[in-house]
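Below: the structure, in structure tokens.
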Amino acid sequence: MIRLENITKTFKVKGNEITAVKDVSLHIKKGEIFGIIGFSGAGKSTLVRCMNLLELPTAGSVFFDGHDLVKAGSKELRDYRKKIGMIFQQFNLLEQRTVIANVCYPLELIGLRKKEAVSRARELLRIVDLSDKELSYPSQLSGGQKQRVAIARALATNPEVLLCDEATSALDPLTTRGVLSLIEKINKELGVTIVVITHEMKVVEQICSRVAVMNKGVVEETGTVKDIFLNPKSDTGRKLVLSGDDKSVPQSDKETIRIVFDGISSYEPVFANLILETGVKLNIMGANTEDIGGSAYGQILIERPDEASTELIRKYLNKAGVGFEELPALGKK
Amino acid sequence: MNEQIIGLIWQGIAETFYMVTVSTVFAYLIGIPLGVILNITGTNGIRPARALNLAVGFIINVIRSVPFLILLVAILPFTRLIAGTTIGSTATIVPLVVAAAPFVARMVESSLKEVDAGVIEAAKAMGSSDWQIIWKVLLAEARPSLAVGGVIAFTTILGYSAMAGFVGGGGLGAIAVNYGYYRYKTDVMLITVAVLVIIVQVFQEAGIYIVNRLDKRINKS
């Protein structure tokens with residue numbers, strides 16, 4: 001769907017050259033929810049802006065459905081942009097337009113007649129569950145509602161891709177979850193390919209299928225969310241998995257085992273069974289789990305007991321199909 | 001005070017409104033495109049063009065630097081060319097427009113600068129052309145601020161128009177000068193000044209009231 005080849009972007013700031021993105025190649029497949037995660041300043045926003053050429057890459061190619069956008073003419077580029085929706089952290093709604101007029105904006109661009117545009121906009125507002133706010137102005141809406149309007153607006157022209165640039169970073173956790181569910185629904189029901197930029201592992205965990213970890217303009221690793229969550233190979237990946245969250249799991253100065261819940265049923269008392277079956281007295285060093293729609297996500301860090309007990313734990317976790325990782329004591333790496 | 005003078009003042013009011021309204025309209029017809037050019041060709045504009053931006057900015061600064069009374073006299077040949085005469089209300093419109101358009105251009109530029117860069121970026125991401133961004137985003141989103149500028153421009157042009165009374169312009173300014181200044185009729189001068197004060201007050205207050213009604217950013221639930 002979107003293929004980035006050797007993208008580099010440098011900015012000139014007061015005579016200094018700053019490389020925000022360095023030789024990044026990525027392939028986002030049709031129908032997937034692809035996450036790009038990294039700490040702030042990693043270059044992920046610049047990278048996503050290269051996907052619809054809001055930033056012109058200094059070097060490299062951006063292929064959308066096989067067409068090189070860098071080589072496209074300005075009219076051609078505008079037509080491609082209509083197939084690539086985008087939402088932002090700050091929503092970026094037109095403040096002087098009502099909700100429905102905001103959703104109508106992209107429809108005006110394609111020259112749709114007003115009556116048809118309004119009926120299409122109503123349909124979209126139904127999808128994002130805001131039918132009752134049609135005539136409100138953005139200043140009268142909450143953050144979550146504004147982002148829903150932005151989503152409806154981005155979807156108006158039936159895009160094939162939706163780029164989400166820190167779309168939930170300005171929202172509280174509950175609203176974040178609602179907006180993420182909506183994005184997931186759009187992916188499943190409308191078949192829209194989605195690219196999510198975030199600094200929160202939680203977001204990636206909840207909706208992404210694959211993820212790229214970025215640091216200092218470089219993609220350090222790419223893989224399924226499960227792989228990276230279970231066994232992060234890069235330093236940044238490890239930091240994000242272990243403490244990239246506000247509810248972070250502290251790393252320990254003792255040897256530990258990290259037990260990872262990546263969507264197994266939350267109705268199953270896995271942890272209790274682990275203790276009962278192995279008979280090992282487990283010491284929890286930290287935990288961060290969450291129930292998202294009946295599935296358990298997150299991790300529990302336990303102190304690694306002696307080798308015999310650890311073997312029992314390994315056996316049990318393998319049998320139960322729960323991922324884990326044994327970590328050395330901090331500082332003894 | 002005799003009826004003749006009252007009639008004169010009414011006529012002055014009508015002339016002043018004619019001059020100021022027509023001048024404001026023309027000043028905006030010229031000032032909006034100039035303001036848009038200044039905005040979009042600026043460093044952070046949608047079509048950066050440094051040379052054009054500096055050139056337009058320079059011309060605007062030069063005209064704005066010239067005191068209005070000097071400008072009024074300096075462009076008399078131009079005024080005659082456009083209006084056919086240099087005396088009366090219609091002739092006064094020419095220098096008023098020349099003086100006000102650059103000022104309006106700067107106010108339009110600053111109003112457009114207030115439009116959130118993120119909103120412009122979103123419009124670009126939706127595939128808007130530059131024209132669509134100018135019409136549907138820049139000018140539309142800056143509407144309340146442009147309207148505030150309009151009120152300021154109207155009252156400023158009103159002030160200029162009174163000055164034009166010294167060199168044969170029409171309106172209340174001419175009455176104040178001809179009767180009050182040259183013939184020492186202090187009462188006539190005071191009345192015209194009072195009328196001007198009232199006009200400015202009414203326009204300022206009514207204008208701002210309308211602007212507040214217009215601005216959708218203010219929370220009204």
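Please read all numbers here as calculations on a predicted model, not as lab measurements. Quick note on labels: first sequence line is chain A, next is B, and so on, each numbered from 1.
Between Glu95(A) and Glu141(B) there is a side-chain heavy-atom pair separated by less than 4.5 Å. Counting only heavy atoms from C-beta outward, the side chains of Arg153(A) and Met126(B) approach each other to under 4.5 Å. Two residues are said to be in side-chain contact when any heavy atoms from C-beta on lie closer than 4.5 Å; Arg78(A) and Ser129(B) meet this criterion.
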TODO: Please report the C-alpha distance between Val137(B) and Leu94(A) in whole Å, then the side-chain angles of each, then the deciding distance to 0.1 Å, and finally whether the side-chain contact (heavy atoms from CB on, under 4.5 Å) criterion is met.
DONE: CA-CA 7 Å; Val137(B) 182; Leu94(A) 295 154; 4.1 Å; yes

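Heavy-atom proximity under 4.5 angstrom to chain B picks out Tyr105(A), Pro106(A), Glu108(A), Leu109(A) from residues 100-114 of chain A.
In this structure, NZ in Lys124(B) is found 10.5 Å from CZ in Arg49(A), a value given to the nearest 0.5 Å.
For Ala125(B), the parts lying under 4.5 angstrom from a heavy atom of chain A are both the backbone and the side chain.
A donor-acceptor contact shorter than 3.5 Å is absent between the side chain of Glu121(B) and the backbone of Leu54(A).
Between Asn92(A) and Asp116(B), the closest heavy-atom pair is OD1-OD2, 4.2 Å.
For CG of Asp68(A), the number of neighbouring non-hydrogen atoms (other residues, nucleotides, ligands) closer than 6.0 Å is greater than 12. Annotation for Asn44(B): atom CG does not count as buried by contact number, only 12 or fewer foreign heavy atoms lying within 6.0 Å. In this structure, Phe11(A) places its CZ atom where more than 12 heavy-atom neighbours from other residues, nucleotides or ligands lie under 6.0 Å away. Counted within 6.0 Å of CZ on Phe26(B), heavy atoms from surrounding residues, nucleotides or ligands total 12 or fewer; the atom is thus considered open. Enclosure of atom NZ in Lys82(A) by more than 12 non-hydrogen atoms of other residues, nucleotides or ligands within 6.0 angstrom is indicated.
In this model, a donor atom of one side chain and an acceptor atom of the other lie less than 3.5 Å apart for Asp215(B) and Gln96(A).
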